[in-house]
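Residue numbers start from 1 in every chain, and the chains themselves are labelled A, B, ... in the order their sequence lines are given, proteins ahead of strands. As the structure is a prediction and not an experimental result, all values here were calculated from the model.
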Amino acid sequence: MVKWLFKQEPSDYSYDDLAAEGKTIWEGVNNPLAKQYLRQVQSGDQILFYHTGKEKAIVGIMAATEAAKSDPNDEKAVIVSVKPVEKLKQPLTLARIKQEPKLANWELVRLARLSVMPITKEQWSILKSILEEA
DNA sequence: GCCAACGTTGGC
DNA sequence: GCCAACGTTGGC
């Protein structure tokens, strides 16, 4: 199972919006690399929800409820159905992530404009250990 | 509000 | 098909 990070501007759609709704369809991803990643999402994959803009932090965890598929209205668009799993007790900020030398190569740090990216096992375990020490 | 980094567009 | 110019995004 692959893990992912999706970015979203919280004033457009926040983790709390997702929690309130119970599920949503992730869509509107246009960047070619982001789309390529999005297309690889499988049912059950865990996805971190990152807030851009003022917050710049991972705020919650979601899970894909179905594998990625094409938008029925637009063959070229990719959509993923997701549901909330849990909200983090406290956000994991970009500033904190940048303090980890081992996370310096992660797309989140290197490619600010990428809105969908994979998380490797090693990266995931580092993130988890940061969360647990808090 | 600025800038860096990346994408896209359009002229050749 | 290349590449310069421009636009967009997101962090600072």
Side-chain angles (χ1 to χ4, degrees):
Chain A
M1 176 182 315
V2 188
K3 296 181 172 63
W4 307 93
L5 181 143
F6 289 2
K7 285 186 186 174
Q8 183 64 34
E9 167 58 41
S11 60
D12 292 337
Y13 194 86
S14 69
Y15 184 85
D16 288 339
D17 292 332
L18 173 63
E21 258 189 289
K23 63 175 179 181
T24 195
I25 305 282
W26 210 270
E27 61 190 346
V29 172
N30 285 314
N31 176 285
L33 180 58
K35 247 169 148 172
Q36 189 184 310
Y37 285 142
L38 194 63
R39 212 171 260 290
Q40 296 171 29
V41 175
Q42 294 296 314
S43 180
D45 282 359
Q46 283 191 289
I47 304 159
L48 296 181
F49 196 133
Y50 177 90
H51 282 179
T52 58
K54 272 186 84 172
E55 294 186 42
K56 294 185 285 293
I58 297 164
V59 296
I61 302 173
M62 344 180 240
T65 54
E66 293 176 52
K69 59 184 181 186
S70 294
D71 186 331
N73 301 315
D74 178 3
E75 264 303 299
K76 280 169 281 186
V78 186
I79 59 172
V80 173
S81 304
V82 296
K83 64 173 182 187
V85 175
E86 71 175 306
K87 186 177 181 175
L88 300 185
K89 290 181 210 79
Q90 83 185 55
L92 177 47
T93 65
L94 181 62
R96 179 68 186 86
I97 289 166
K98 284 188 167 175
Q99 285 175 23
E100 293 298 323
K102 283 184 178 167
L103 294 177
N105 288 325
W106 192 16
E107 282 99 326
L108 184 69
V109 176
R110 285 194 305 121
L111 301 177
R113 295 178 53 189
L114 187 65
S115 60
V116 175
M117 69 196 72
I119 307 173
T120 66
K121 274 186 184 155
E122 191 192 5
Q123 287 159 351
W124 183 268
S125 68
I126 295 167
L127 293 171
K128 264 184 82 176
S129 67
I130 297 172
L131 287 173
E132 279 159 14
E133 87 191 16

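Between Phe49(A) and Tyr13(A), the ring-plane angle classifies as parallel under the 30° and 60° cut-offs.
Taking only side-chain nitrogens and oxygens, Lys98(A) comes nearer than 4.0 Å to OP1 or OP2 of dC12(C).
Contacts of Leu111(A) with the nucleic acid, taken as non-hydrogen atoms under 4.0 Å apart, involve only primed sugar atoms and P, OP1 or OP2.
Not counting sequence neighbours, Tyr37(A) has no partner by the ring pair (Phe, Tyr, Trp, His ring centres under 6.0 Å) test.
What separates CZ of Arg96(A) from C1' of dG11(C) is a distance of 19 Å, to the nearest Å. A straight line from CD1 of Ile97(A) to C1' of dG10(C) spans 15 Å, rounded to a whole angstrom. At whole-Å resolution of the value, CZ in Arg110(A) and P in dA5(B) are 12 Å apart. Lys7(A) has its NZ atom 12 Å from the C1' atom of dA5(B), to the nearest Å. Between the P atom of dG10(C) and the CG atom of Asn30(A) lies a distance of 12 Å, rounded to the nearest Å. Protein atom CG of Leu33(A) is 16 Å distant from nucleotide atom P of dT9(C), rounded to whole Å. The distance from atom NZ of Lys35(A) to atom C1' of dG7(B) is 13 Å, rounded to the nearest whole Å. Taking atom CG of Leu108(A) as the reference point, atom C1' of dG10(C) lies 11 Å away to the nearest angstrom.
Using a 4.5 Å cut-off between side-chain heavy atoms of Ile, Leu, Val, Met, Phe, Trp and Tyr, with links allowed through other members, Leu127(A) and Val85(A) fall into the same hydrophobic cluster.
Looking at every heavy atom in both residues, Asn73(A) comes nearest to Asp71(A) through N-OD1, 2.8 Å.
Listed nucleotides: dA5(B), dG11(C), dT8(B). Nearest to the side chain of Arg113(A): dA5(B).
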